[in-house]
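Here's the structure we're looking at; comments come further down.
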Amino acid sequence: MTFVLIKTIHLFAAFIYGGFLIVDNLFLVHIKKSYDVQEHKQIRESFMKYVRKVVPPSLLVAVITGLYLITQVFGTIGEEGMSSFQVMLSLKAFLGVWLGIRGFAQVYLGIQPLVFKSHVLPFTFVVTILFLSQFMYA
């Protein structure tokens, strides 16, 4: 029962974070074309005011619950090495932890990234995690 509850929390938190990245990368970038610079800045800031309250905590919840879930499903490494499931799960964990560290450092510590300042790389990582999720049980 605990596993199902934590997995549900993990999915909701991941949907919130991933949903923000989808909206930001696929939709909000296009409003620049419809508004002047000042209007675009006001629209984006209005949107981000709410995002800053919900998305960073959701990312941290997704990472923490994801780490718990890994401990429950990873299993033991056989003599022949890691299974394809374990390899894909490890890659998902690496990408998720990277997102969590980057998000925590940026939002809570005020450390801005030196490179990859846009949300394109995190968006790519989230899409990669989604695809890995679909293939790891095959």
Answer with yes or no whether the hydrophobic clustering places [X] together with [Y]; edges join I, L, V, M, F, W, Y residues whose side-chain heavy atoms lie under 4.5 Å apart.
X: Tyr68; Y: Val63; value: yes
X: Leu99; Y: Tyr108; value: no
X: Phe94; Y: Phe135; value: yes
X: Ile31; Y: Tyr50; value: no
X: Leu60; Y: Leu69; value: no

Side chains of [X] and [Y] in contact at under 4.5 Å (non-hydrogen atoms):
X: Met82; Y: Phe74; result: yes
X: Phe123; Y: Val127; result: yes
X: Trp98; Y: Leu121; result: yes
X: Phe85; Y: Val73; result: yes
X: Arg44; Y: Asp24; result: yes

Identify the heavy atoms of [X] and [Y] that sit nearest to each other, and give their distance.
X: Val126; Y: Gly18; value: CG1-CA, 4.0 Å
X: Lys92; Y: Ser133; value: NZ-OG, 2.9 Å
X: Ser83; Y: Gln86; value: N-OE1, 2.9 Å
X: Val51; Y: Pro56; value: O-CD, 3.4 Å
X: Ala13; Y: Ser58; value: CB-O, 3.3 Å
X: His40; Y: Lys32; value: NE2-CG, 3.2 Å

Practice item. With sequence neighbours excluded, tell me which residues meet side-chain hydrogen bond (donor to acceptor under 3.5 Å, both in side chains) with Gln134. Key: none
Practice item. Using a cut-off of 6.0 Å, state whether more than 12 heavy atoms not belonging to Phe15 lie near its atom CZ. Key: no
Exercise for review: Decide if atom OH of Tyr35 counts as having more than 12 heavy atoms of other residues, nucleotides or ligands within a radius under 6.0 Å.
Suggested key: no
To the nearest 0.5 angstrom, please state how far the [atom1] atom of [X] sits from the [atom2] atom of [Y].
X: Ile9; Y: Leu5; atom1: CD1; atom2: CG; value: 4.0 Å
X: Asp36; Y: Lys41; atom1: CG; atom2: NZ; value: 12.0 Å
X: Phe125; Y: Leu130; atom1: CZ; atom2: CG; value: 13.5 Å
X: Ile101; Y: Ile111; atom1: CD1; atom2: CD1; value: 11.0 Å
X: Leu89; Y: Ile129; atom1: CG; atom2: CD1; value: 11.0 Å
X: Met88; Y: Tyr137; atom1: CE; atom2: OH; value: 11.0 Å

Exercise for review: Taking Ser46 for its side chain and Gln42 for its backbone only, find out whether a donor-acceptor pair lies under 3.5 Å.
Suggested key: no
**Study point:** Distance flag, aromatic centroids of Phe20 and His119, threshold under 6.0 Å
**Key:** yes
